Structures are given as structure tokens and as C-alpha cells.
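Note sheet for the following structure.
Residues: numbered from 1 along the sequence shown. Excluded from the calculations below are hydrogen atoms, water molecules and symmetry mates; all remaining heavy atoms, backbone and side chain alike, are included. None of these values were measured; they are calculated from a predicted model.
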Amino acid sequence: MRWKKLESIEGLEEVVKLSETQPVLLFKHSTRCGVSRMALSGLEKDWKDEDEQKIAPYFLDLLNHRDVSNEIAKRFGVEHESPQALVIRNGKCSYFSNHADIEHAAILAEIK
């Protein structure tokens with residue numbers, strides 16, 4: 001899985017713009033959380049190279065970029081959680097899941 005790093009509000013603007021032409025996966029990760037590590041490992045284990053043709057994966061280290069995480073919560077009306085996966089389509093959050101509910105199959109089902 002080739003994550004693109006999301007590290008700024010400007011980067012979030014680029015993600016929103018990209019979402020107009022391709023769905024985007026935002027994965028909010030806490031490097032201090034075992035549940036977050038498990039969710040990340042599960043996504044990466046199930047991810048296939050061809051998935052990147054369907055959805056662009058972006059990774060946010062929320063401990064180092066909490067301002068971006070807060071902007072995501074505000075902009076998309078999704079309360080902050082960690083870990084958290086959001087699908088952004090046409091500038092809006094069309095799907096999100098938290099903690100152990102983060103599943104590769106559910107994310108791909110959302111973008112079909």
C-alpha cells in the first residue's frame with residue numbers, strides 16, 4: 001500500500017479537490033495506540049495494488065498533525081476518533097468508520 005502523507009491544511013485542500021474526480025481514503029492514525037496499529041495493519045494486509053485505481057489512500061499521523069485532524073472533523077462533520085477511516089467523494093464524507101470497525105471490504109463497497 002502506497003500511502004500519500006497528509007500533513008497540512010493545504011494538503012487537505014488538495015485531497016478535497018482530488019475527491020471531485022476520484023474517491024479518497026483518509027486514514028487517521030495514532031502512533032501511540034495499539035488499536036490504531038491493528039486497524040492500519042488490517043487495511044494494509046488486505047489492500048491490493050489495483051485498489052489504488054479505485055481510491056487514493058492518504059495517511060494522517062494525527063499526533064504530529066492534530067490541526068489537520070481537527071479541520072477534518074470540522075469540515076466533514078465527523079467527530080474525531082482514532083483510528084478513523086473516511087471516504088471523501090465530491091468534497092464530502094460519504095463513509096467513515098472507527099476503531100475495529102475499519103474494514104477494507106466496507107471501504108471498497110462504499111466506492112462501487
Side-chain angles (χ1 to χ4, degrees):
M1 187 168 197
R2 293 180 294 257
W3 290 106
K4 296 169 189 79
K5 291 184 180 178
L6 178 57
E7 299 176 324
S8 67
I9 302 295
E10 293 80 17
L12 180 59
E13 296 298 334
E14 291 173 19
V15 164
V16 171
K17 185 175 180 178
L18 175 62
S19 78
E20 299 292 335
T21 59
Q22 179 182 17
V24 175
L25 167 63
L26 295 180
F27 184 80
K28 294 168 54 176
H29 177 64
S30 170
T31 56
R32 295 185 193 147
C33 175
V35 173
S36 192
R37 172 59 50 200
M38 287 176 41
L40 176 61
S41 294
L43 269 180
E44 291 179 336
K45 176 180 70 73
D46 293 337
W47 195 264
K48 297 169 185 54
D49 288 341
E50 60 266 19
D51 293 339
E52 288 180 36
Q53 302 301 316
K54 302 171 192 168
I55 188 167
Y58 280 79
F59 180 92
L60 174 65
D61 175 345
L62 66 92
L63 295 179
N64 287 319
H65 304 287
R66 187 58 190 252
D67 61 326
V68 180
S69 180
N70 290 342
E71 181 63 22
I72 289 169
K74 178 181 163 188
R75 180 173 300 212
F76 300 115
V78 176
E79 186 176 337
H80 165 78
E81 296 279 346
S82 169
Q84 189 170 59
L86 298 90
V87 174
I88 309 303
R89 297 177 85 169
N90 299 314
K92 297 182 174 116
C93 179
S94 63
Y95 170 87
F96 72 95
S97 57
N98 307 312
H99 309 293
D101 292 335
I102 297 171
E103 295 181 350
H104 174 263
I107 291 166
L108 290 185
E110 167 56 29
I111 61 171
K112 288 189 178 191

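Shown here for L18 and A56, the closest heavy-atom pair between the two residues is CD2-CB, 3.9 Å. Here the shortest heavy-atom pairing between V16 and F76 reads CG2-CZ, 3.9 Å. The heavy-atom pair separating Q84 from E81 by the smallest distance is CB-O, 3.5 Å. Residues Y95 and D101 share a closest heavy-atom pair of OH-O, 4.3 Å.
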Full working for side chain to side chain contact (heavy atoms under 4.5 Å, CB included) between I102 and F27: CA-CA 10 Å; I102 297 171; F27 184 80; 3.9 Å; yes

Could you go through F59 and L40, starting from their C-alpha distance and side-chain angles, then the distance that decides it, and tell me whether this counts as side chain to side chain contact (heavy atoms under 4.5 Å, CB included)? CA-CA 10 Å; F59 180 92; L40 176 61; 4.0 Å; yes

Intermediate values then yes/no, side chain to side chain contact (heavy atoms under 4.5 Å, CB included), V15 and K4: CA-CA 10 Å; V15 164; K4 296 169 189 79; over 6 Å; no

Does I107 form a side chain to side chain contact (heavy atoms under 4.5 Å, CB included) with D51? I'd like the steps, not just the answer. CA-CA 10 Å; I107 291 166; D51 293 339; over 6 Å; no

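Separating the CG atom in L26 from the CG atom in L60 is a distance of 8.0 Å, to the nearest 0.5 Å. Taking CG of D61 as the start and OG of S30 as the end, the distance is 8.0 Å to the nearest 0.5 Å. In this structure, R89 CZ and Q22 CD are separated by 10.5 Å, a value rounded to the nearest 0.5 Å. Atom-to-atom distance recorded for L108:CG and E103:CD is 11.5 Å, nearest 0.5 angstrom. Interatomic distance, S94 OG to L86 CG, rounded to the nearest 0.5 Å: 9.0 Å. Rounded to the nearest 0.5 Å, atoms NE2 (H99) and OG (S36) are 9.5 Å apart.
In this structure a side-chain-to-backbone donor-acceptor pair under 3.5 Å is missing from H29 to L62. Within the 3.5 Å criterion, the main-chain N or O of R66 finds no donor-acceptor partner in the side chain of S69. Between the E52 side chain and the R2 main chain, a donor and an acceptor come within less than 3.5 Å of each other. Distance alone, capped at 3.5 Å, places no donor-acceptor pair between the E110 side chain and the F96 backbone.
Crowding of E79 atom CD: a count of heavy atoms from other residues, nucleotides or ligands under 6.0 Å not exceeding 12.
V87 and Y58 fall into different hydrophobic clusters, where Ile, Leu, Val, Met, Phe, Trp and Tyr side chains are chained together by heavy-atom contacts under 4.5 Å. Each of I55 and I88 belongs to its own hydrophobic cluster when Ile, Leu, Val, Met, Phe, Trp and Tyr are linked at side-chain heavy-atom distances under 4.5 angstrom.
Of the charged side-chain nitrogens involved, at least one lies within less than 4.0 Å of a carboxylate oxygen, so that R75 and E13 count as a salt-bridged pair.
Between I9 and V68 the shortest side-chain heavy-atom distance falls below 4.5 Å. Residues W47 and L25 are in side-chain contact: their nearest non-hydrogen atoms beyond the backbone lie under 4.5 Å apart. Contact check for K28 versus P83: no side-chain heavy atoms found under the 4.5 Å cut-off. In this structure, the side chains of L6 and L12 come closer than 4.5 Å at one or more pairs of heavy atoms.
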